[in-house]
Amino acid sequence: MEDGGLPHALDRAERALERIEQALAARRPDSGRDDALRARVRDAVAELDQLIREAAQ
């Protein structure tokens with residue numbers, strides 16, 4: 001990755017997660033399905049973060 005690529009990719013992933021969480025919060029806040037989706041997205045972003053860190057080494 002080029003210089004600055006990794007931090008930029010991590011920032012984009014974090015912003016994407018924030019947008020997803022905001023969109024879910026704007027919907028029905030009491031839905032268990034939303035919580036499950038948040039957990040899945042959080043896991044996916046964490047896995048992506050790990051892959052990016054490994055690629056940068």
Side-chain angles (χ1 to χ4, degrees):
M1 246 183 218
E2 64 187 58
D3 287 342
L6 180 61
H8 180 68
L10 293 175
D11 287 342
R12 288 183 62 200
E14 288 175 7
R15 288 193 308 268
L17 181 57
E18 288 173 7
R19 288 193 305 271
I20 291 167
E21 288 181 341
Q22 289 171 358
L24 288 174
R27 294 180 52 198
R28 298 162 296 187
D30 60 341
S31 174
R33 185 173 175 186
D34 289 347
D35 291 338
L37 179 57
R38 278 191 182 110
R40 289 179 60 194
V41 169
R42 197 172 292 116
D43 290 344
V45 171
E47 186 175 340
L48 176 61
D49 183 38
Q50 182 63 31
L51 290 171
I52 291 170
R53 289 180 196 275
E54 289 173 6
Q57 293 180 355

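One-based numbering along the sequence shown. Worth saying up front: this structure is predicted, and the values here are computed from it rather than measured.
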With side chains defined as the heavy atoms from C-beta onward, is the minimum distance between Glu14 and Asp11 less than 4.5 Å?
->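 When only atoms from C-beta onward are counted, Asp11 and Glu14 do touch, with a gap below 4.5 Å.
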
Measure the [atom1]-[atom2] distance between [X] and [Y] for me, rounded to the nearest 0.5 Å.
X: Ile20; Y: Arg15; atom1: CD1; atom2: CZ; result: 13.0 Å
X: Asp49; Y: Leu10; atom1: CG; atom2: CG; result: 5.0 Å
X: Ile52; Y: His8; atom1: CD1; atom2: NE2; result: 10.5 Å

Closest non-hydrogen atom pair between Glu21 and Arg38, with its separation |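 That closest heavy-atom pairing would be O-NH2, 3.6 Å.
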
What heavy-atom pair brings Arg53 and Leu6 nearest, and what distance separates the two atoms?
->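 For Arg53 and Leu6, the tightest heavy-atom pair comes out as N-CD1, 4.4 Å.
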
Got more than 12 heavy atoms from elsewhere within 6.0 Å of CD, Glu47?
->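 Result for CD/Glu47: open.
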
Distance-only side-chain donor-acceptor flag, Glu18 / Gln22, under 3.5 Å |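 Side chains of Glu18 and Gln22: no pair found under 3.5 Å.
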
